[in-house]
Protein chains: 4
Amino acid sequence: MIEFRIDRRSGVATYLQIGQQVKDALRLGLLNVGDRLPTAKEVVAATAVNPNTVLRAYQELGREGLVESRPGAGTFVCRSLAAPAMAENMPLRSGLDAWMAEARSAGLSREDVEALVKLALDKGFGNRRGSDTQ
Amino acid sequence: MIEFRIDRRSGVATYLQIGQQVKDALRLGLLNVGDRLPTAKEVVAATAVNPNTVLRAYQELGREGLVESRPGAGTFVCRSLAAPAMAENMPLRSGLDAWMAEARSAGLSREDVEALVKLALDKGFGNRRGSDTQ
Amino acid sequence: MIEFRIDRRSGVATYLQIGQQVKDALRLGLLNVGDRLPTAKEVVAATAVNPNTVLRAYQELGREGLVESRPGAGTFVCRSLAAPAMAENMPLRSGLDAWMAEARSAGLSREDVEALVKLALDKGFGNRRGSDTQ
Amino acid sequence: MIEFRIDRRSGVATYLQIGQQVKDALRLGLLNVGDRLPTAKEVVAATAVNPNTVLRAYQELGREGLVESRPGAGTFVCRSLAAPAMAENMPLRSGLDAWMAEARSAGLSREDVEALVKLALDKGFGNRRGSDTQ
DNA sequence: GTGGTCTAGACCACA
DNA sequence: GTGGTCTAGACCACA
């Protein structure tokens with residue numbers, strides 16, 4: 001079962017953080033079609049956010065067709081975001097892990113790496129509207 | 001001269017976006033001690049934010065000792081965040097660029113890469129979120 | 001036998017959707033006096049709603065005098081809503097079909113047509129909304 | 001300035017009704033890029049809904065890229081939905097009005113027409129998930 | 001003043 | 001019990 005980690009200092013709305021974490025899990029194959037998301041109650045117990053905030057996140061995911069809420073039963077994944085290349089990407093993934101280890105042993109901080117990644121993402125994939133990798 | 005890109009949809013406060021972009025530029029060596037930040041007026045012309053918002057971002061950077069306001073002259077960088085390893089990191093940086101190119105040609109989207117990077121960052125540097133330091 | 005199609009995303013209560021679809025079928029002459037509605041069990045098999053939800057819809061139709069429940073036998077239509085003009089409306093109906101075809105070939109989407117129809121309905125029959133009869 | 005009409009008996013959530021009415025107005029060319037939507041306060045004065053409900057509707061439109069909220073200034077249309085065919089569709093539109101008049105003088109009720117239109121829409125444009133023209 | 005987010009609580013639909 | 005909607009009120013960001 002996915003567990004949400006809320007960063008209250010990031011300035012990003014809680015419901016957006018939850019929605020983003022679900023989408024990331026879908027892309028990474030950590031959540032798959034048919035999986036149940038934790039109930040609002042369960043999330044509340046684990047993260048101390050208000051149940052309405054969880055429901056709002058789930059409703060937006062529902063509107064995007066990613067999950068479906070069945071009152072009385074729960075909220076279920078109904079569409080995956082896992083790209084084919086993400087499934088068989090062991091070399092790519094381990095290449096990234098290796099790079100991270102290298103960066104760390106070179107003395108870079110997490111913030112340094114995040115800055116480098118933003119720059120490389122913009123070079124490799126074009127600018128997004130803003131520049132927050134968050 | 002650094003140019004700010006504001007994403008009004010991200011939900012992140014504008015002044016935080018500006019501050020973050022300055023810090024990223026300091027880490028990447030795109031801004032260095034002595035460099036002048038754009039005036040509030042210049043930022044307003046480029047991004048349509050309110051001058052007070054720019055000033056607030058600069059004040060917070062000032063409080064962290066990163067920039068200094070010289071009335072009549074402008075706001076200047078007075079401390080760098082460039083780690084030693086970031087200066088001589090050509091191989092690391094180009095390694096990241098190469099990885100991005102590989103990811104892209106494997107068919108991954110920007111969002112896919114962002115999800116992979118978050119996971120790898122957490123593995124390599126420990127979780128940032130979940131601290132709930134509120 | 002009428003088949004119900006439930007849109008879980010519409011935000012309209014399931015029992016209201018079922019009731020509306022029965023009434024529409026009565027108006028269109030697709031259901032007539034004496035016809036049997038599907039049993040709750042049959043509806044459940046076809047649409048995955050709860051049998052109680054079907055029963056609630058049928059009970060409301062019963063309260064309006066449109067259907068009658070005969071224990072052991074099923075639920076039967078006992079009053080039609082087919083206006084006289086709906087019976088002999090071949091020209092009207094085909095006129096509407098022709099208009100739809102024209103709209104479609106003009107490049108209009110279903111949503112475009114729905115917007116036009118709402119406007120034309122309000123012009124031709126007066127506003128339904130705005131009564132706020134709460 | 002667009003005026004919202006809320007039907008509290010329809011079973012459709014208020015924020016969905018507001019969002020749908022904005023989209024319809026965009027399709028019909030009644031709202032255009034740059035137009036300002038009424039503030040939450042203005043809508044409250046006109047329709048007695050809670051300001052949060054209005055904001056929620058606007059936020060969803062914002063997420064779909066149709067409007068942009070500028071705190072302190074208001075909420076503005078930033079993308080139209082007017083199909084080219086909707087602009088120069090005088091004959092189509094008047095054809096629909098004529099059909100409505102015909103239907104009315106044949107004795108059809110608004111509900112009869114709505115049932116006919118749903119059927120014709122499904123024939124002309126394919127079934128939607130559910131069947132509520134609403 | 002205008003918009004954005006969150007909370008607490010109420011009420012309903014559905015299982 | 002689970003999810004969906006709405007309200008009232010609080011607090012903050014931005015103009």
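The sequence lines fix the lettering, A, B, ..., with proteins before strands; numbering per chain opens at 1. Every value quoted in this text rests on a predicted model; they were computed, and no experiment measured them.
- The distance between atom CG of D:Asp7 and atom P of F:dT5, rounded to the nearest whole Å, is 16 Å.
- A straight line from CD of B:Glu60 to C1' of F:dA13 spans 12 Å, rounded to a whole angstrom.
- When side chains are defined from C-beta on, D:Gln20 does not count as touching D:Leu16, because their heavy atoms never get closer than 4.5 Å.
- We find that CD1 of A:Ile18 is positioned 13 Å from P of E:dT5, with the value rounded to whole Å.
- Nearest-nucleotide positions on DNA chain E place A:Pro51 closer to the 5' end than the other of A:Pro51 and C:Val49.
- The shortest non-hydrogen separation linking A:Tyr58 to A:Pro38 is OH-O, 2.7 Å.
- We find the CG-CZ distance between C:Asp122 and D:Arg110 to be 5.0 Å, quoted to the nearest 0.5 Å.
- Position along DNA chain F of the nearest nucleotide to D:Ala13 versus D:Gly72 favours D:Ala13 as the more 5'-ward residue.
- Counting atom types as modelled, D:Asn52 pairs no side-chain N or O with a base atom of E:dG3 as donor and acceptor under 3.5 Å.
- Listed pair A:Tyr15 / E:dT5 meets the phosphate criterion, a side-chain N or O lying under 4.0 Å from OP1 or OP2.
- Look at CD1 on B:Ile6: it is 15 Å from P on F:dA13, rounded to the nearest Å.
- OP1 and OP2 of E:dC14 both lie 4.0 Å or more from every side-chain N or O belonging to C:Asn50.
- Atom pair D:Arg63:CZ and E:dG3:C1' shows a separation of 13 Å (rounding to whole Å applied).
- Put simply, D:Arg56 has no side-chain N or O that comes within less than 4.0 Å of OP1 or OP2 on F:dC6.
- Residue B:Thr53 has a polar side-chain atom (N or O) positioned under 4.0 Å from OP1 or OP2 of F:dA15.
- Atoms CG (B:Leu16) and P (E:dT5) sit 14 Å apart, rounded to a whole Å.
- When the C1' atom of F:dA13 is taken as reference, atom CG of B:Leu55 falls 15 Å away, rounded to whole Å.
- Nucleotide E:dA13 holds its C1' atom 19 Å from the CZ atom of D:Arg9, rounded to whole Å.
- A donor-acceptor contact shorter than 3.5 Å links the side chain of B:Asp112 to the backbone of B:Ser109.
- Classification of A:Arg79 and A:Glu64 as a salt-bridged pair fails, no side-chain N sitting under 4.0 Å from a carboxylate O.
- Residue D:Lys41 is the one, among D:Lys41 and A:Thr14, whose nearest nucleotide of DNA chain E lies closer to the 5' end (criterion: closest heavy atom).
- Base pairing analysis places F:dC12 opposite E:dG3; the two distances defining the Watson-Crick or G-U wobble pair are each below 3.5 Å.
- Within the 4.0 Å cut-off from OP1 or OP2 of F:dT2, not a single side-chain nitrogen or oxygen of A:Thr75 is found.
- No contact: D:Tyr58 has no heavy atom under 4.0 Å from any strand.
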